[in-house]
**Student:** 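Submitted below is the structure of interest, expressed as structure tokens.
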Amino acid sequence: MHEVSIASEIIEIVRQNLPDGFDNKVKSVKLDLGEFTNIVPEALKFGFEVLTEGTELDGAQLIMNILPLKIECQICENVSLTEPGYFFCVKCGTDKVNIISGKEMKVVEIEIYD
Ligand SMILES: [Zn+2]
């Protein structure tokens with residue numbers, strides 16, 4: 001379950017962004033999570049809960065904003081939504097496409113208690 005190591009990465013990022021001398025609790029952590037990351041949101045949530053137990057992140061809500069898998073055609077520049085495994089342009093049929101969204105895993109917001 002690689003979600004546990006991803007959860008620990010997230011926790012590390014949160015800690016680095018907490019103010020100096022922070023001795024309160026983190027309320028929530030907002031994440032941008034691409035659909036094409038092989039991360040199972042439920043497993044990530046579970047890993048996060050286990051790893052934060054008894055820490056300043058204990059009870060913090062992990063809010064995940066799932067971003068769809070989006071590709072852009074290198075030939076006709078058409079942008080379309082797709083699914084993993086279907087990497088071709090729906091307009092002209094080429095497989096020369098770039099993934100422009102769907103691989104994100106980014107902490108975008110941290111909310112703390114005053
Ligand atoms: Zn195209």
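Each ligand, and each atom within it, is numbered from 1 in the order the structure gives.
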**Student:** My understanding is that a hydrophobic cluster links ILVMFWY residues whose side chain heavy atoms are under 4.5 Å apart, including indirect links. Using that, what else belongs to the cluster containing F88?
**Tutor:** Y86
**Student:** I need the protein N, O or S atoms closer than 2.8 Å to the Zn ion (ligand 1), given as residue plus atom name.
**Tutor:**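 Metal shell, protein only: C73 SG, C76 SG, C89 SG, C92 SG.
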**Student:** Nearest heavy-atom pair of L67 and S101: which atoms, and what distance?
**Tutor:**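 Looking at all heavy atoms of both residues, the shortest contact is CB-OG, 4.1 Å.
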**Student:** What heavy-atom pair brings P41 and M64 nearest, and what distance separates the two atoms?
**Tutor:** O-CE, 3.6 Å
**Student:** Can you confirm whether the side chains of Q74 and N98 place a donor and an acceptor under 3.5 Å from each other?
**Tutor:**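 There is such a pair (donor and acceptor under 3.5 Å, judged by atom type) between the side chains of Q74 and N98.
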**Student:** Which residue, I110, T52, I112, forms the side-chain contact (heavy atoms from CB on, under 4.5 Å) with L57?
**Tutor:**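 Only match with L57 under side-chain contact (heavy atoms from CB on, under 4.5 Å): T52.
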**Student:** So does R15 pair up with E56, basic N to acidic O under 4.0 Å?
**Tutor:** yes
